[in-house]
2 protein chains.
Amino acid sequence: MQELSLAFVGFGTVGRGCAHHLVRHREFLAQKHGLRTRVVAIADLTAGSIENEAGIDLAQALDRVASGRSLNELHPGRTPSSTDEILRSVRAHILVESTWTNLKDAEPGLSHIRLALQNGMDVVTSNKGPLALAFRELQTLAESNGRRLRFESTVMSGTPVFSLFDTALSGAPVLGLRGILNGTTNYILTEMAAGRSYDEALRRAQECGYAEADPSGDVEARDPAAKAVILANALMGADLRYTDVDRTGITALTPEDLSAAAGKSRRMKLVVSVLRQPDGSVRAAVKPTLVETGDPLAHVDGVTNALQISIEAQPEVTILGPGAGGDSAGYGLLSDIIAIHRQRSSAPVFESAGSAR
Amino acid sequence: MQELSLAFVGFGTVGRGCAHHLVRHREFLAQKHGLRTRVVAIADLTAGSIENEAGIDLAQALDRVASGRSLNELHPGRTPSSTDEILRSVRAHILVESTWTNLKDAEPGLSHIRLALQNGMDVVTSNKGPLALAFRELQTLAESNGRRLRFESTVMSGTPVFSLFDTALSGAPVLGLRGILNGTTNYILTEMAAGRSYDEALRRAQECGYAEADPSGDVEARDPAAKAVILANALMGADLRYTDVDRTGITALTPEDLSAAAGKSRRMKLVVSVLRQPDGSVRAAVKPTLVETGDPLAHVDGVTNALQISIEAQPEVTILGPGAGGDSAGYGLLSDIIAIHRQRSSAPVFESAGSAR
C-alpha cells in the first residue's frame, strides 16, 4: 500500500481539523482508498515546529497543541529553524498549507506554495490569498513542474465545489455561478431580517464567534470577492484579478431595507455572481441582492453557504453546506489529499462501492 | 489522444440526450479532458439498430431518429439481428445503457449489463432496475472482470450524487442520507400545498408530462424506494433489497393534511431516508414527512430533487438539481463516461483549471 508523506505548514484550527480527520478515519481511509499517510513535518508560528522523516505521531501532536505545549520538543524529531528551511529540505509528497489568508500580498502562503511546487511537492491549501492573487502563476508553476495544486477549502470550506468539476460537472462549459459564500454576512443579514439593527446583528455574530473583532474583511465583502476570483479563474478559464470584482458590502443596509424586501416575498442576500458575458469574457460581482423566494439562495440562512452552478448541458445545480469551521475546512484539505492519492495510484478502484463502513 | 468506443443500448430520450451532449461538446471534451469518443453501435427497440466499427455519425443518427426514420439503413454499417448479439460481438470500451426501468426483474437492462461486463466492457447506465434489484451481483461481476460500473443518472438524474463520493465526500463514513428523489410526487405535493386536490394536482402533472398515464410507480413511491436501495447499497455498504424499504406513497394525502402542516410552518414532503442504525445496519424508508421550514428540503418545490448527505467529518451538505429529463439524465451518462476516461488515462491532468471554454 502506497504511503503518502505530508508536511503541514499552518497548524491552527484548519490544519488541526485535517489532522484530526486523518487520525480518526485512519482505518477507513486505508480500507476505502488504500490511503496511508505519514506526517513528516509540522510548522506553525504558534504551535511550534517538528520534522521527522520516520513519521510524527499525529495524535500526540494534536494532544500537545490542545494542552498548549509547543511541538518543538515532541519526540526525537529535528526542530527546524524556519518554515522555508522545511520546505526546501523536507521529502514529502504533499504540502498541506493552511496559514492565514492575506489579500494584500498573499504571504506567507504564496511563498510556501511556490517553494513546495518547485521542490516537487503537490500542494493542498485552504489559503485564499495565494489563489485569489496569483492563480495563473501558481497554475503555470504546478504544470511546469508536473505537480498538482488543489484548494477545495478556499470556497465553501469542505463543501464540495472544485471537486464537482473533476468529473461530475466538467462535461460542458460553465455558464455562470451564483452563491452565498460568506457565512458572517449571511448570519448578520438573517438576524437583520428578524428585525435587529446592523450593529446588534454584528455584535451577536461576534459573540457567536462568526465575526472577527475587525469584521471589515467580511462586511466589506473582501472575503467573498476573493472567492469570486478563485471561482472565475479556476472554473471559467478567466484571468481576473481581485480588484476586477465589482464589490459592495453590507454596511449600508438597514433593517428597513430587509423588511421591505420580505414584504415583497423577496430576501436580501449578499450574492456573489460570476457570469460569462456575451463577448466571452467573465465578470464577477459581490453585492447585496434581492432574491425571489423561489430561488434556492433565498432560504439559505445563518452561516450556511450555497453555490448555484449553471453549465451548458442541464438545469442548474445548487450545493449547500458549511462555509467555515476547522472541521469542515480540514475536511476539504482531506478530500484534496484523497483526490491526489487517487490520481497517483494507478490501480483501478471500483467506484461508489461503500464496502468499508 | 485516446479514443473511447461506445455502444449505446437504448436510444430514447436519455440515450439521445447523452448523444446530443457528445456531439455538441465534442471539442470541449477533447480540449478539457483529452476525450474523443467513437460510437460503434446503437440498438433501440423503436429507433432501430446499427453497428459500425469505423464509427457511426452521431449527428446523423440523431437527425434520423428525430425525423422518425429507422437507424437500420443509416450508412454502410451492419444491422445486427439482436441487442444480445451486439453485446457479444461488439468491440467497445463502454456500454451506454439507458433502457427502461423494470422493478420486477430488471430486464432487459440486467442482461445487457451482465453481458457487457462479462465481455470486457465498462458500463454506464441510467437504468434503476438492475441497480435496485442486483447491485451486489453486478458489483461483484464488475470487480471480478476488472471493469467499472457507474450509474450517476439513476438517482437525481445528472445532478451529482455518486460522483460526490469518488473523492469529495469519501473521506469519512456516511451516517445518513435524506432526500426528495421523485419529481412527480414533489410537483403534486407542491400543487396540493397551493390548495388543489390530489386528483387535480395529478392531472396537472400529467398535462405537464411529469406524470405517466399510470402514475403508480411514482405516487406509490416505488421509484424513490428503488433509489433508496441504490443509495444504501452503493454509498453505505448495505445489502438491502427493494422489498426492505419501508414505503408509503402519497395517494392517501389530502389538501387538509398539507395546509395543516403549512399552518405549523412545516411542509409535507415525500422524504427518502437511508440511515445508519446504532447496530451498524442500514435502514431505508420513503414516506410523507413533515419537514420544518429551517430544513433545506422544505423549500424544494416542483420537480426539483434534493439530497442531504451526512458524513462523520463535517455538517450536512445538500445538493439540489434536476431529477429527470433527457438532457439531465443524458448528462449523467456523460459524466460517468468522463469519470471512466479519467481513470483509464494515466496522464496526469491539472485539476480545476478551466482553460478550455
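Below, each value reflects all heavy atoms present in this structure, side chains not excepted, and no hydrogens, waters or symmetry copies. Since the model is a prediction, treat every value here as computed from it, not as a measurement. Below, read A as the first sequence line, B as the second, and so on, with proteins coming before strands; counting in each chain starts at 1.
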Roughly how far, to the nearest 0.5 Å, is CD of B/Gln343 from OG1 of A/Thr167? 9.0 Å
Hey, could you give me the CD/CG distance between B/Glu316 and A/Leu320, rounded to the nearest 0.5 Å? 11.5 Å
State which residue, out of B/Lys32, B/Arg342, B/His33, fulfils the side chain to side chain donor-acceptor pair (under 3.5 Å) condition with A/Ser170. B/His33
For A/Thr304, is it the side chain, the backbone, both or neither that has a heavy atom under 4.5 Å from a heavy atom of chain B? neither
Rounded to the nearest 0.5 Å, what separates atom CG in B/Leu164 from atom OG in A/Ser163? 7.0 Å
For A/Glu152, is it the side chain, the backbone, both or neither that has a heavy atom under 4.5 Å from a heavy atom of chain B? neither
Side chain from CB out, backbone as N, CA, C, O: work out which of these in A/Ile309 comes under 4.5 Å of a heavy atom of chain B, or both, or neither. neither
Rounded to the nearest 0.5 Å, the CG atom of B/Asp295 sits from the NE2 atom of A/His299 at a distance of 12.5 Å
Let's test your reading of the structure: which of B/Pro160, B/Ala298, B/Gly171, B/Gly158 forms the most heavy-atom pairs below 4.5 Å with chain A? B/Gly171
Which one of B/Val161, B/Asp239, B/Asp327, B/Thr318 has the most heavy-atom pairs closer than 4.5 Å to chain A? B/Thr318
Between B/Arg24 (side chain only) and A/Ala313 (backbone N and O only), is there a donor and an acceptor less than 3.5 Å apart? no
What residue, out of B/Ser335, B/Gly321, B/Ala168, has the most heavy-atom pairs lying under 4.5 Å from chain A? B/Ala168
Are B/Pro173 and A/His25 packed together at the side-chain level, in the sense that at least one heavy-atom pair is separated by less than 4.5 angstrom? yes
Checking the side chain of A/Tyr331 only, and the main-chain atoms of B/Pro315 only, is there a donor and an acceptor separated by less than 3.5 Å? no
One should read off an interatomic distance between B/Ile319 CD1 and A/Ile319 CD1, to the nearest 0.5 angstrom, of 4.0 Å
Is the number of heavy atoms from other residues, nucleotides or ligands within 6.0 Å of CZ (A/Arg283) greater than 12? no
